[in-house]
A.B. asks: 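Submitted below is the structure of interest, expressed as C-alpha cells.
As the structure is a prediction and not an experimental result, all values here were calculated from the model. FYI, the numbering just counts along the sequence from 1. Counting starts at 1 for both ligands and their atoms, following the listed order.
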Amino acid sequence: MNTNRVALVTGANKGIGKEIARQLGQAGFTVLVGSRDVGRGEVAVKELVADGIDAVGIQLEVTDAASVRGAAGRVEAAYGQLEVLINNAAIIPEGDDGVLGIQDGVLRAAFETNVFGLVAVTQAFLPLLRKAERARVVNLSTSLASFEQVGDPESRMSTVLTLGYNASKAAVNMVTVMLANELRDTGILVNGADPGNCATDMGGWSAARTPAQGAAVAVGLATLDADGPTGHVYAEEGRLPW
Ligand SMILES: NC(=O)c1ccc[n+]([C@@H]2O[C@H](COP(=O)([O-])OP(=O)(O)OC[C@H]3O[C@@H](n4cnc5c(N)ncnc54)[C@H](OP(=O)(O)O)[C@@H]3O)[C@@H](O)[C@H]2O)c1
C-alpha cells in the first residue's frame, strides 16, 4: 500500500489539469492523472515523472459509467482511499452558441461532460474520500458561470455566447454548494475554482494567464486547512460572486 496522500485530477493529460497534477505532485501527493485516452495520459505522465512528480496514469472518461466505475475500483485496490478529487475535465462543445442559436444536442453534450460526468465521478469516488482523514473536492468553475458577471452588460462575460458551457458550469456551482452542505459534518471541504482565462486549447492561446497560474487556484483549495471554507467559488482575487 502506498502511504502517500493521493490526489486524482480528471482531464489531466493537458492544460490546467496537467498543471494541477504537477503542483499537487510538488506538494507531495501521489497524483493520478485522469485521461480519457490512455496514450495521451501516458505522454503527460512521462513528462510529469521526468519532472520528479509521483504521477500515475488512470483511464477515465467521465461520461462513461464503466470507465468511472473501473477507475474507482482500481484506486480502491491500489490506495484504499483518496485525499483529493479535482473535477477538472470539461468541454465547450462545437457549436456552443447563445440561447437563440444553440442546437439541442450541443446543450446536452455540454451537460453530459461538465455536469453529469462530474456528478458521476464524485459519487463513484466519495466512498474513498470518506476514508481519507481530511479530503478535499475541487470543481473547476469559471466567471462565465457567475450570474452577476454575465448579467452585467458592462462585463466582457456578458458578450460570450456559449450557453452550454456557461449554464453547465452554473449547474456545477450548485453541485458544489449542495455537496458542501451534504458533507458539512464530515470534514470534507468542497469548493469551486475559477482559474481565470488561461492559455490552453479551451481558453485560447492568446489568453494572458498561464495554465500554471490557473492551476494554483485549484491547488490552494485542494490543500485547505481543516478550518478552511466550503461551498464557495474562488478566483485568484478571492470569492467569485454567484
Ligand atoms: N482555460 C481557461 O481559460 C479556463 C477558464 C475558466 C475555467 N476553465 C476550466 O478549467 C478546466 C480545464 O480547462 P482547460 O483550459 O485546461 O481545458 P483543455 O485544455 O481543453 O483540457 C480539458 C481536459 O478535459 C479533458 N476532457 C474533456 N472531456 C472529457 C471527458 N468526457 N472525460 C474525460 N476527460 C475529458 C480533455 O481530454 P482530451 O485531451 O482527451 O480532450 C482535457 O484533458 C475546465 O473545467 C474549464 O472549464 C478554463
Side-chain angles (χ1 to χ4, degrees), residues 8-23 31-45 47-48 57-68 70-71 85-94 96 108-122 124-125 137-146 149-150 156-157 160 162 164-173 175-176 191-219 221-222 233-237 240:
L8 168 65
V9 186
T10 66
N13 55 283
K14 68 178 183 181
I16 295 166
K18 187 170 75 177
E19 296 312 310
I20 293 172
R22 188 191 309 279
Q23 291 176 23
V31 189
L32 307 179
V33 175
S35 176
R36 56 180 161 178
D37 180 88
V38 173
R40 287 198 287 275
E42 273 171 9
V43 172
V45 166
E47 178 192 321
L48 292 167
I58 184 158
Q59 196 280 334
L60 183 46
E61 160 62 63
V62 303
T63 64
D64 177 349
S67 170
V68 172
L85 171 63
I86 309 271
N87 283 311
N88 168 80
I91 55 166
I92 302 177
E94 202 60 38
D96 206 354
R108 209 172 289 279
F111 273 77
E112 284 291 348
T113 296
N114 300 355
V115 186
F116 306 156
L118 180 146
V119 172
V121 168
T122 304
F125 283 91
V137 178
V138 182
N139 297 328
L140 270 287
S141 186
T142 166
S143 34
L144 289 170
S146 163
Q149 295 199 16
V150 176
R156 190 179 69 78
M157 301 309 151
V160 182
T162 46
Y165 182 70
N166 299 11
S168 62
K169 287 291 188 174
V172 167
N173 285 352
V175 171
T176 300
N191 289 288
D194 169 19
N197 190 203
C198 300
T200 65
D201 283 344
M202 180 188 286
W205 291 97
S206 58
R209 288 166 65 73
T210 64
Q213 286 173 311
V217 180
V219 172
L221 294 169
V233 179
Y234 292 88
E236 191 174 78
E237 52 278 14
L240 204 67

A.B. asks: Under 4.0 Å from any heavy atom of Gly203, which atoms of ligand 1 are there?
C.D. replies: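 Per the distance check, 1 (N), 2 (C), 3 (O).
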A.B. asks: For the side chain of Arg40 and the backbone of Ser35, is there at least one donor-acceptor N/O pair under 3.5 Å apart?
C.D. replies: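 No.
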A.B. asks: Under 4.0 angstrom from ligand 1, any heavy atom of Ala207?
C.D. replies: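 Judged by the 4.0 Å heavy-atom criterion, Ala207 does not count as contacting ligand 1.
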A.B. asks: A side-chain contact here means heavy atoms from C-beta on lying under 4.5 Å apart; do Glu47 and Val43 qualify?
C.D. replies: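 They are not in contact (no side-chain heavy atoms under 4.5 Å apart), so the answer is no.
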A.B. asks: Identify, for atom 20 (O) of ligand 1, the protein heavy atom at the shortest distance, and state residue, atom and that distance.
C.D. replies: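 Going atom by atom, the protein heavy atom closest to atom 20 (O) of ligand 1 ends up being Met202 CB, 3.5 Å.
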A.B. asks: Under 3.5 Å, is there a donor-acceptor pair between the side chain of Asp96 and the main chain of Tyr165?
C.D. replies: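 Yes, Asp96 side chain to Tyr165 backbone: donor-acceptor pair under 3.5 Å.
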A.B. asks: With heavy-atom distances below 4.0 Å as the criterion, list the atoms of ligand 1 near Ser141.
C.D. replies: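 Here the atoms of ligand 1 in question are 6 (C), 7 (C).
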A.B. asks: Please list the nearest protein heavy atom to atom 5 (C) of ligand 1 with its residue and the distance rounded to 0.1 Å.
C.D. replies: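 Atom 5 (C) of ligand 1 sits closest to the protein heavy atom Gly196 O, 3.3 Å.
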A.B. asks: Of all the atoms in ligand 1, which lie at a distance below 4.0 Å from a heavy atom belonging to Ala90?
C.D. replies: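 Numbered from 1, ligand 1 contributes 22 (C), 24 (O), 27 (C), 44 (C), 45 (O), 47 (O).
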A.B. asks: For atom 9 (C) of ligand 1, what is the nearest protein heavy atom, given as residue, atom name and distance?
C.D. replies: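 That would be Tyr165 OH, 3.9 Å.
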A.B. asks: Mark yes or no for whether Asn114, through its side chain, and Lys169, through its backbone, hold a donor-acceptor pair below 3.5 Å.
C.D. replies: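 Checked: no pair found.
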A.B. asks: Please report whether ligand 1 has a polar contact with Arg36, defined as an N or O pair separated by less than 3.5 Å (distance criterion only).
C.D. replies: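 N/O-N/O distance under 3.5 Å: yes.
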A.B. asks: Evaluate the side-chain proximity of Arg209 to Val217: yes if any heavy-atom separation is below 4.5 Å, no if none is.
C.D. replies: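 Side-chain contact under 4.5 Å: yes.
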A.B. asks: State the CG-OG1 distance between Leu32 and Thr10, to the nearest 0.5 angstrom.
C.D. replies: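 That separation rounds to 11.5 Å.
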A.B. asks: Give me the nearest non-hydrogen protein atom to atom 12 (C) of ligand 1 as residue plus atom name, then the distance to 0.1 Å.
C.D. replies: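 Here the nearest protein heavy atom works out to Asn88 OD1, 3.1 Å.
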A.B. asks: Can Pro195 be said to touch ligand 1, with heavy atoms closer than 4.0 Å?
C.D. replies: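 Yes, that is the case, since the closest heavy atom of the residue is under 4.0 Å from the ligand.
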A.B. asks: If you compare all heavy atoms of Ser141 against all heavy atoms of Val233, which two are closest, and at what distance to 0.1 Å?
C.D. replies: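 Where Ser141 meets Val233 most closely, the heavy atoms are CB-CG1, 3.9 Å.
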A.B. asks: Has Ile91 got any heavy atom lying under 4.0 angstrom from an atom of ligand 1?
C.D. replies: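 Yes.
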A.B. asks: Tell me which one of Val62, Leu60, Leu140 gets a heavy atom nearest to atom 10 (O) of ligand 1.
C.D. replies: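 It is Leu140 whose heavy atom sits nearest to atom 10 (O) of ligand 1.
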A.B. asks: Using side-chain heavy atoms (C-beta onward) and a distance below 4.5 Å, is Cys198 in contact with Gln213?
C.D. replies: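 They are not in contact (no side-chain heavy atoms under 4.5 Å apart), so the answer is no.
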A.B. asks: Among all protein heavy atoms in this structure, tell me which lies nearest to atom 48 (C) of ligand 1, with the distance rounded to 0.1 Å.
C.D. replies: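 Atom 48 (C) of ligand 1 sits closest to the protein heavy atom Ile16 CD1, 3.6 Å.
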A.B. asks: Closer than 3.5 angstrom, by distance alone: can the side chain of Gln23 be matched with the main-chain N or O of Ala212 as a donor-acceptor pair?
C.D. replies: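 Yes.
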A.B. asks: Only heavy atoms of Thr113, strictly under 4.0 Å: list the atoms of ligand 1 that pass.
C.D. replies: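 Matching atoms, with element in brackets: 28 (N), 31 (N).
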A.B. asks: Could you tell me whether a side-chain N or O of Lys14 sits under 3.5 Å from a main-chain N or O of Thr200, the two making a donor and an acceptor?
C.D. replies: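 Answer holds: no.
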A.B. asks: Nearest to atom 18 (P) of ligand 1, what protein heavy atom do you find, and at what distance?
C.D. replies: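 Residue, atom and distance for the closest contact: Lys14 CE, 3.8 Å.
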A.B. asks: Can you confirm whether Met202 sits close enough to Ile16 that some side-chain heavy atom of one is under 4.5 Å from a side-chain heavy atom of the other?
C.D. replies: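 When only atoms from C-beta onward are counted, Ile16 and Met202 do not touch, as no gap falls below 4.5 Å.
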A.B. asks: To check your reading of the model: name the closest protein heavy atom to atom 34 (N) of ligand 1, its residue, and the distance in Å.
C.D. replies: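 So the nearest neighbour among protein heavy atoms is Ala89 CB, 3.5 Å.
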A.B. asks: Test your reading of the model: is there a side-chain donor-acceptor pair from Thr113 to the backbone of Ala110, 3.5 Å cut-off?
C.D. replies: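 Answer holds: no.
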A.B. asks: Is the shortest distance from a heavy atom of Gly204 to ligand 1 less than 4.0 Å?
C.D. replies: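 Gly204 does not count as a contact of ligand 1 under the 4.0 Å cut-off.
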A.B. asks: Using a 4.0 Å cutoff against the non-hydrogen atoms of Gly15, which atoms of ligand 1 qualify?
C.D. replies: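 Those atoms are 16 (O), 19 (O).
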A.B. asks: Lys18: heavy atom below 4.0 Å from ligand 1, yes or no?
C.D. replies: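 Lys18 does not count as a contact of ligand 1 under the 4.0 Å cut-off.
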A.B. asks: Out of Ala12, Cys198, Gly192, whose heavy atom is nearest to atom 3 (O) of ligand 1?
C.D. replies: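 It is Cys198 whose heavy atom sits nearest to atom 3 (O) of ligand 1.
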A.B. asks: Could you pull out, from Thr200, Val217, Thr63, the option with a heavy atom nearest to atom 15 (O) of ligand 1?
C.D. replies: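 It is Thr200 whose heavy atom sits nearest to atom 15 (O) of ligand 1.
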A.B. asks: For atom 30 (C) of ligand 1, what is the closest protein heavy atom, and at what distance to 0.1 Å?
C.D. replies: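 The protein heavy atom lying closest is Glu61 OE2, 3.4 Å.
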A.B. asks: Say whether Gly17, considering both its backbone and side-chain N or O atoms, lies within less than 3.5 Å of an N or O atom on ligand 1.
C.D. replies: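 By distance alone, the answer is no.
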A.B. asks: Is Arg40 touching ligand 1 with its side chain, its backbone, both, or neither, if touching means heavy atoms under 4.0 Å apart?
C.D. replies: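 Side chain only.
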A.B. asks: I'd like to know if the side chain of Asn197 and the backbone of Ala207 have a donor-acceptor N/O pair within less than 3.5 Å.
C.D. replies: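 No, the answer is negative, given that no donor and acceptor are paired below the 3.5 Å cut-off.
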A.B. asks: Out of all atoms in ligand 1, which are within 4.0 Å of some heavy atom of Thr142? Include the element for each.
C.D. replies: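 Those atoms are 6 (C), 7 (C).
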A.B. asks: Under 4.0 Å, counting heavy atoms only: does Asp37 come that close to any atom of ligand 1?
C.D. replies: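 Asp37 does not count as a contact of ligand 1 under the 4.0 Å cut-off.
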A.B. asks: Side chains of Leu140 and Ile20: closer than 4.5 Å at any heavy-atom pair?
C.D. replies: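 Heavy-atom side-chain distance check passes, below 4.5 Å.
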A.B. asks: Are any non-hydrogen side-chain atoms of Val175 and Leu118 less than 4.5 angstrom apart?
C.D. replies: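 Yes, at least one pair of side-chain atoms sits under 4.5 Å.
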